[in-house]
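One structure is given here, and the rest of the page talks about it.
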Amino acid sequence: MIDFQLLKTEEGLNRVLKSLARRGDTSAAAELKTVAEKRSATIREVEALANERNVQSKKLGELKAQGKEAEFDALRETMKTVADRLKVLKEQEAKVEENFLHVLARVPNLLDDKVPDGKDEHANVVVRKEGEIPQFAFDVKPHYEVAEAQGLVDFERGVKISGARFYVYNERIARLERRLANYMLDKHAAAGYSERMVPLVVKDECMFGTGQFPKFADEYYRMEKDGLSLIPTGEVPLTNIYADEILSETELPISLMAFTPCFRREAGSAGKDTRGLVRVHQFYKVELVKFVRPEDSEREWLRLTADAENILKGLGLTYRVVALCSGDMGFTSSITYDLEIWMPGLKRWLEISSCSNFKDFQARRAKIRYKNAAGKNEYLHTINGSGVAAGRLVAALLEYHQTADGNIDWAAIEKKLA
RNA sequence: GGAGCGGUGGCUGAGUGGUCGAAAGCGGCAGUUUGCUAAACUGUUGUACUAGGUAACUGGUACCGAGGGUUCGAAUCCCUCCUGCUCCGCCA
């Protein structure tokens, strides 16, 4: 959530509007100012009347104590009408507040000045490339063709059990993904991340806290009966670990990680990447999350990105770091670098990690603060990124380690993981 | 799932209709004393919103698990929900 105090000044409002314009999302722009003003005005009115009631109620207490029955009765009669009016006003206030939150909760984060301008992903900027595009003496097949031919992934039975975009891993590939999880976790542990095992099913407040709700509710699996959602990313439970808490400055930065399954409905992706392991309803990944002081967030964001890159480097995968442009940025993020690996079989770049600095946007929603050096409670900054998506990593390794006869060079993969 | 008892400030814990943002203790912070530490003593110590002020701050509103209700007035009375503990049942 953006700081709504910004809406109260001309300067702040302009900052918000400018950011919205850069994102190409001006849906809420017109309402913002009026909705904020209406809220302030209504609150002022209610508070004035509540003050009146409190003063007179106190007086009633005194009158009663003094035994002045006639005055007591007279005042009580007039206060009845005040109480009635206050009740009506408070109901109005609740509606105004609800509307205010409805609008505010759908306003995306302010963009960092360093985010390049652009309409969509074509305007994203490649920051750097690591490794060469690998050359093969034969035509490299997409991972799903090899996987199916080798009996590694059973897409048909995945569909039978759960529907499209579900799959069953057989034997070696199941073991590979499990080993990759260990590989990544061990590497990140050495870099200072503390491991967590978290709930995979979360309350609506958590989904709101990290920004999935309310605007994108359709994209997630939610169990109506329980009011709980399957996590779309480990970011949700991991970040909400500190929801509603005030941390001390000395504990920061906090770096956490978790290996979790992720569940996504992929609404609106019908017909896109229908084959293979690239776009599925359930996949596993390691998530990295940092809680940091505002002054450290840029540095820590770059570090987290480097930590994610370290996995790709270690496995010898060719990748590039891409700065998302203003029009391609996620709702909650202030600035994002995507890591895209080259897929020799698919013959394209594939996102395998997205490292974002959310600044205080999530912290404000989830109410995560820390006591700063001046002794004031302040929203901290959250940063997260995949470190990295395991399913896509498996897909990549299958493509990188194909042999001319359509096999997989398992020995080469083993060697990397050793 | 059944029965019983609870949920109050950073923590422990008092408060059962008005003077309660809430006793007391612990902890934290500042100071006095002290060669240093400790101890003792004194003061101070919640959050959000709102109005004013460059600001330190000052006034107001709200918050005693959450949401409703009764009342001129609710931490206190009523209802619903959530949650913790103990016992029983069930279960990996």
Side-chain angles (χ1 to χ4, degrees), chain A residues 1-13 32-105 197 199-209 223-229 240-252 360-380:
Chain A
M1 205 124 73
I2 61 164
D3 178 4
F4 74 87
Q5 302 289 358
L6 284 170
L7 306 177
K8 289 185 172 177
T9 65
E10 198 69 18
E11 190 195 348
L13 185 66
L32 273 179
K33 194 180 175 189
T34 54
V35 126
E37 277 170 359
K38 175 127 200 222
R39 172 174 178 272
S40 293
T42 311
I43 287 175
R44 243 174 292 153
E45 206 179 342
V46 167
E47 289 192 351
L49 195 61
N51 179 235
E52 164 80 6
R53 180 208 55 196
N54 290 345
V55 168
Q56 298 302 334
S57 288
K58 195 164 277 187
K59 194 169 173 190
L60 272 169
E62 287 164 16
L63 289 175
K64 190 162 200 184
Q66 293 163 5
K68 297 179 179 170
E69 292 296 331
E71 283 179 57
F72 179 89
D73 288 340
L75 185 54
R76 195 178 63 178
E77 282 310 307
T78 65
M79 287 318 288
K80 272 184 184 168
T81 65
V82 170
D84 288 345
R85 199 153 56 107
L86 186 60
K87 193 177 173 185
V88 173
L89 266 181
K90 275 189 169 172
E91 277 162 14
Q92 261 179 43
E93 186 200 18
K95 275 184 204 149
V96 168
E97 184 76 34
E98 192 188 329
N99 186 242
F100 175 70
L101 272 177
H102 179 91
V103 172
L104 196 70
M197 260 196 201
L200 306 176
V201 161
V202 297
K203 297 179 184 177
D204 291 345
E205 297 97 277
C206 295
M207 294 290 274
F208 180 85
M223 291 164 282
E224 182 62 37
K225 198 173 177 183
D226 303 290
L228 296 168
S229 299
N240 278 287
I241 281 177
Y242 293 113
D244 288 310
E245 294 193 25
I246 300 172
L247 306 173
S248 75
E249 190 176 25
T250 51
E251 5 181 11
L252 303 180
D360 61 4
F361 190 84
Q362 290 184 326
R364 187 168 265 115
R365 288 180 158 243
K367 298 189 183 65
I368 310 174
R369 292 172 293 175
Y370 79 105
K371 207 173 269 297
N372 67 21
K376 295 269 185 217
N377 296 330
E378 186 182 7
Y379 290 109
L380 46 71

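Atoms considered below: every heavy atom in the structure, side chains included; atoms not considered: hydrogens, waters and symmetry mates. So that the names make sense, note that chain A is the first sequence line, chain B the second, and so on, each numbered from 1.
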What interatomic distance, in whole Å, is found between P of A92(B) and the corresponding atom of G6(B)?
34 Å
Rounded C1' spacing from C85(B) to C72(B) in Å:
40 Å
Okay, side chain of Asp360(A), backbone of Arg364(A): is any donor-acceptor separation there less than 3.5 Å?
no
Thinking salt bridges, do Lys95(A) and Glu98(A) make one under a 4.0 Å N-O criterion?
no
Just checking Lys367(A): base, sugar-phosphate only, or nothing, at a heavy-atom cut-off of under 4.0 Å?
nothing
When the C1' atoms of C26(B) and U44(B) are compared, how many Å lie between them, rounded to an integer?
16 Å
Writing each nucleotide of RNA chain B 5' to 3' as (, ), [, ], | or . by Watson-Crick or G-U pairing under 3.5 Å yields ((((((((.[[[..)..(.....]]]((((((.......))))))(((((((....))))))).[[[[[..)....]]]]])))))))....
Please measure how far the C1' atom in C29(B) lies from the corresponding atom in U86(B), and state the result in whole Å.
40 Å
Would you indicate what Lys59(A) reaches in the nucleic acid, counting non-hydrogen atoms under 4.0 angstrom: base, sugar-phosphate, or nothing?
nothing
Count the heavy atoms of every other residue, nucleotide or ligand shown that sit under 6.0 Å from CE of Met223(A), and state whether that count exceeds 12.
yes
Say you pick atom P in U71(B) and the same atom in A66(B); how far apart are they, in whole Å?
23 Å
Pair Arg365(A)-Tyr379(A), side-chain contact (heavy atoms from CB on, under 4.5 Å): steps then yes or no
CA-CA 10 Å; Arg365(A) 288 180 158 243; Tyr379(A) 290 109; over 6 Å; no
Which value, in whole Å, describes the distance between the C1' atoms of nucleotides G9(B) and A22(B)?
9 Å
Take atom P in U12(B) and the same atom in C5(B), then report the distance between them in whole Å.
22 Å
Residues passing the salt bridge (charged side-chain N to carboxylate O under 4.0 Å, His left out) test with Glu71(A), sequence neighbours excluded, are none
Using a heavy-atom cut-off of 4.0 Å to chain A, what are the terminal contacting nucleotides of RNA chain B, in 5' to 3' order?
G18(B) to G73(B)
So which one's nearest nucleotide on RNA chain B is more toward 5', Arg76(A) or Asn377(A)?
Asn377(A)
Report the residue (Lys203(A) or Ile246(A)) whose heavy-atom-nearest nucleotide on RNA chain B is the more 5′ of the two.
Ile246(A)
Looking across every strand, which nucleic acid part, if any, lies under 4.0 Å from Glu245(A) by heavy atom: base, sugar-phosphate, or nothing?
nothing
Considering only the C1' atoms, how many Å lie between A14(B) and A23(B), rounded to the nearest integer?
6 Å
With distance as the sole test, does Arg39(A) use its side chain to make a donor-acceptor pair with the main-chain N or O of Asn99(A) at under 3.5 Å?
no
Greater than 12 external heavy atoms within 6.0 Å of Glu11(A)'s CD:
no
Neighbour count >12 (heavy atoms, 6.0 Å) for atom CD, Gln66(A)
yes
Give, for atom CD of Glu378(A) and atom CZ of Arg369(A), the distance between the pair rounded to the nearest 0.5 Å.
11.0 Å
